[in-house]
Undergrad: 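Here it is, the structure in full.
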Amino acid sequence: MKNRIQSLFVQALRQLPVETLEKAGQLPVPEIERTRDPSHGDFASNLAMKLAKPCRMNPRELAAQLIAALPDSPLIDKTEIAGPGFVNVYLSADAYHQQLHDIIESAETYGCQPASGKKIIVEFISANPTGPLHVGHGRLAAYGASLSNLLVAAGNEVFREYYVNDAGRQMAILAASLWLRYLESHGAVFVFPQNGYKGDYITRIADDMKLEHADKLVVDTATVFANLPADGPDGDEDKFIDALIERARETLGEQGFGQVLDFGLKKILDDIRDDLEEFGVHIDRWYAEHDLHSNGAIDETLKLLRANKNVFEKDGAVWFRATDFGDEKDRVVVRKNGQTTYFASDIAYHLEKRQRGFDLLLDVLGADHHGYVARVRAGLEATGQPGESLEVRLMHFVALFRGGERVQMSTRSGDFVTLRELRREVGNDAARFFYVLRSNDQHLDFDLELAKSHSSDNPVYYIQYAHARICSVMQQMSDKGFDWQAERAWNHLEKLNEQHEKALIVSLSRYPEVISLSAKNRAPHTLAHYLRDLANDFHTYYNAHTFLVEDQDLRDALIALIVAVRQVIANGLALLGVSAPESM
RNA sequence: GCGCCCGUAGCUCAGCUGGAUAGAGUACUCGGCUACGAACCGAGCGGUCGGGAGUUCGAAUCUCUCCGGGCGCGCCA
C-alpha cells in the first residue's frame, strides 16, 4: 500500500510546474510514512518541505502544487496540506477493503517481498563444540533463525551456517578432560585439572566411551601424571593442562588421542544438533574448521596474502598487515611454532564463503567479538573482496537470574544453565519469543523464576490467544450451521466501516512494511512488537463486536476480517519460530 | 589509555532514512463476563528522552563534549 502511494507521488513530482522543476534540480525519492495520528490521514509526505530549500519556495505553496499534480486514484479519498507543509493522504474505503482481499488470497505468502536475487549466508551460534549450548547461545540461535526467516520473506536467498571450531587448543582440552573422566570411570583417583572441562556432560560422555572402547584407552594413572608441572592455584594451570595434553598424546598416540577427541566432538555436536532442531532452528551446513586445514583453504589464503605482500615476519611468526586495511594493529597468522592461528582460519573461511557465491556474509556474533570485526574485514579486503560484503550483528549478553539472583555461567566450571533446561522450563514458544523481544544490542535479563511463575502473562500467549480465539469463532460458526466463503464476502466488505474495523485493517496493511523494515534493520523485535500490537487491536475489536450475526452479508464481511487477522498472526509467528495454536 | 555498544515512565523496553501532542508492557487505582474463550477489554496515574552545547523549518534520533554502565584490546578459540 505504501509503495502504491509512493509511486503516485513519484508521478506527481514529474508533473510539477516547469519553473519549479528547474529550481528543484535532482528530484528526490518521495518519502511516504504512516501517520501516528489518525487526524492526519493515513499517510503523509514531507516532500514539500524537502523541496522547499532548493526551490527557495514556501513549503505549503509547494505542497499545493504537489496535490494539484497528484494523479487521480481510486485509492485516495482526499488530500490536505497540514502543519509546516506535510501532504496528508486519506485512503478510500475501497483501498482498505482491497487489502483484506489481498491477504486472504495471498494466504501464507502475504507480506513476502518479490525475489531480490541477493544471496546471503547467515553464520550464527557457532558455539565451540566443548559443551552443550547455554542460554546465551539460545539468544544467538533464536535471533539468527528469525532473522534468516525474515530475510527470506524479504526476497533474499538465505543459507544458514554453523561454523564448528573443531581445531585448536580448546578441543585438545576437551579431549584431555574426557579421557581423564574415562580413566576415573575405570577406578583411577586423582585431582581433576583446574582448567579442565568440569561439566557433568563430560562424565556422561566418558561413560559412553567406556561402553564403546572398554579399557582399550586406559593407562596407569601414575604414568599420566608423572613429572608434570604444578597445577593451579599454586602452579600455572595453563602450563599444567598443556603438559597434560602432551602426555595424553604421547601415551595414547596421535591415533588414540584423535579417537578420544572425535568421540567427544561427535557426542557434543549431536547434542547441539538435536537441541537446535527441537528449538526449531535449522542449519543448512555445519562447516568444520578442520576442513579448512585439510582442504588447503588456509594454505591458499596464506599464499594469496604473501603474493599480495600483505604479510611480514617478525619474532619468528608471520604477521598480517591488518593496519593497512584499517585495523588497529597487525595480527599473527602463523605462530612461531608453525601453527596457523584461529584468525588465519577465519580469513580463509570468509574468503571461501565469498567463493561459494554469496553476496553478503552476515555474521551473528556475541558482543565480546566486536574487536574482531575489523580484522576479518581487513582479511577479506586483502584477499580481494569488498569490505562491505561482510556484515556483523553483535548480540549482547543474556544475564540469567534466578529469583532476583544472578546465575553465574561458565562452560568450564560446569556451573551454567543450558538452553535445553531453559526450554524445558519456559517452553520453546516463550523462549523463542522472549529472546527476540529485545533489540540485539540491548542486554537481556532473563529471570527464570519470573519466566516460570508468570509464564501465562507472557506476551507470546497474548498473541497466540488471539489466533486461538479466531479459530474458536470459526468452530462456533460451523457448530451453528453457518458457512463462510471468501468469494461471497468480497461483495460486502463495504459493511466494514466502523472505527475498530478500520484500525484493524490499517494494522493488517502495515504487515508487509513491517517485514521489509525488520529485515532491513536486522530487527526481529520489530515484528514481535508489531504482532503484539495487532493482537491488541484484535482483542479490542473482539470485545466490542459479535461476529456470528444472523445477517449473512454482514457476517461474511466480519469473518473475512478476522480470517485475515488470523492469517497475518500465523505468518508473523511462523517467521519468529513460534507456533500458532488453534486452541490453548 | 584506545575502540565499540548502551543510558527514554517506579521497573522492563519500543521509537523506521531527523517530522506533527515521545509510546507499549508491568506495577498501582477504578470499571466491564447471562456474549464467539475474562489467558480478554476499557479508563486513570506516571517523562527536563543521563547533563550541556551545536547543526535547521523541526532533534529521543545527527555532531561535539562531559557523566554513568557493559564489553573488547593474546603467537587463546
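Lettering of chains follows the sequences in order, A, B, ..., and the numbering in each one begins at 1.
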Undergrad: Measuring only the P atom in each nucleotide, how far is B:U21 from B:C49? A whole number of Å is fine.
TA: 15 Å
Undergrad: Measure up the A:His443 and A:His396 rings against each other and bin them: parallel (under 30°), tilted (30 to 60°), perpendicular (over 60°).
TA: perpendicular
Undergrad: Please say whether more than 12 non-hydrogen atoms of neighbouring residues, nucleotides or ligands are located less than 6.0 Å from NZ in A:Lys239.
TA: no
Undergrad: With sugar-phosphate meaning primed atoms plus P, OP1 and OP2, does A:Ala82 contact a base, only sugar-phosphate, or nothing at under 4.0 Å between heavy atoms?
TA: base
Undergrad: Could you tell me whether A:Met171 contacts a base, only the sugar-phosphate backbone, or nothing, with contacts defined as non-hydrogen atoms closer than 4.0 Å?
TA: nothing
Undergrad: Please state the C1' separation for the pair B:C45 and B:A9 - nearest whole angstrom.
TA: 10 Å
Undergrad: So which nucleotide does B:C16 pair with, by the Watson-Crick or G-U wobble rule with both distances under 3.5 Å?
TA: none
Undergrad: Can you tell me, in whole Å, how much space there is between the C1' of B:C64 and that of B:U29?
TA: 45 Å
Undergrad: Under the criterion of centre distance below 5.5 Å and interplanar angle below 30°, is A:Tyr465 classified as stacked on the base of B:G37?
TA: no
Undergrad: With respect to the side chain of A:Asn543, which nucleotide from B:A20, B:A38, B:G32 is positioned closest?
TA: B:G32
Undergrad: Write down the partner of B:C4 under the Watson-Crick or G-U wobble criteria, each distance required to be under 3.5 Å.
TA: B:G70
Undergrad: Given that both distances must come in under 3.5 Å, which nucleotide forms a Watson-Crick or G-U wobble pair with B:C75?
TA: none
Undergrad: Taking atom C1' of B:C6 as reference, at what distance in whole Å does atom CE of A:Met395 sit?
TA: 15 Å
Undergrad: Scan A:Asp533, A:Leu527, A:Leu150 and name whichever one has a side chain to side chain contact (heavy atoms under 4.5 Å, CB included) with A:Val514.
TA: A:Leu527
Undergrad: Report yes or no: is the cationic atom of A:Arg393 (NZ for Lys, CZ for Arg) closer than 6.0 Å to the six-membered ring centre of A:Tyr143, at no more than 45° off its axis?
TA: no
Undergrad: Relative to the ring of A:His529, is the ring of A:His525 parallel (under 30°), tilted (30 to 60°) or perpendicular (over 60°)?
TA: perpendicular
Undergrad: If the C1' atom of B:A38 is compared with that of B:G32, how far apart are they to the nearest Å?
TA: 10 Å
Undergrad: Counting Watson-Crick and G-U wobble pairs only, both distances under 3.5 Å, name the nucleotide matched with B:C64, or none.
TA: B:G52
Undergrad: Between A:Asp556 and A:Trp484, what is the shortest heavy-atom contact and its length?
TA: O-NE1, 2.8 Å
Undergrad: Apply salt bridge (Lys or Arg N to Asp or Glu O under 4.0 Å) to residues A:Asp238 and A:Arg169 and explain how you reach the verdict.
TA: CA-CA 11 Å; A:Asp238 277 317; A:Arg169 182 163 174 265; 2.9 Å; yes
Undergrad: If you go through the side-chain atoms of A:Asp533, does one of them form a donor-acceptor pair with the base of B:A14 closer than 3.5 Å?
TA: no
Undergrad: Taking any strand in view, what nucleotide pairs with B:A22 in a Watson-Crick or G-U wobble way, both distances under 3.5 Å?
TA: none
Undergrad: May I ask which nucleotide in the shown strands pairs with B:C33, Watson-Crick or G-U wobble, both distances under 3.5 Å?
TA: none
Undergrad: Would you tabulate the pairs of protein nitrogen or oxygen atoms and nucleotide nitrogen or oxygen atoms of nucleotides 42-47 of chain B closer than 3.5 angstrom?
TA:
{"from": "B:G42", "atom 1": "OP1", "to": "A:Thr540", "atom 2": "OG1", "distance (Å)": "2.9"}

Undergrad: Using a heavy-atom cut-off of under 4.0 Å over every strand shown, decide if A:Gln442 touches base, sugar-phosphate, or nothing.
TA: sugar-phosphate
Undergrad: Using the ring-ring contact (aromatic ring centres under 6.0 Å, His included) rule, take A:Tyr541 and A:Phe547 through it: C-alpha gap first, then chi angles, then the decisive distance, then the call.
TA: CA-CA 10 Å; A:Tyr541 182 49; A:Phe547 308 121; 5.4 Å; yes
Undergrad: Which base, if any, makes a Watson-Crick or G-U wobble pair with B:G46, both distances under 3.5 Å?
TA: none
Undergrad: How would you summarise protein contacts on nucleotides 70-77 of chain B per nucleotide, using B for base, S for sugar-phosphate only and - for none, with heavy-atom distances below 4.0 Å?
TA: SBSSSBSB
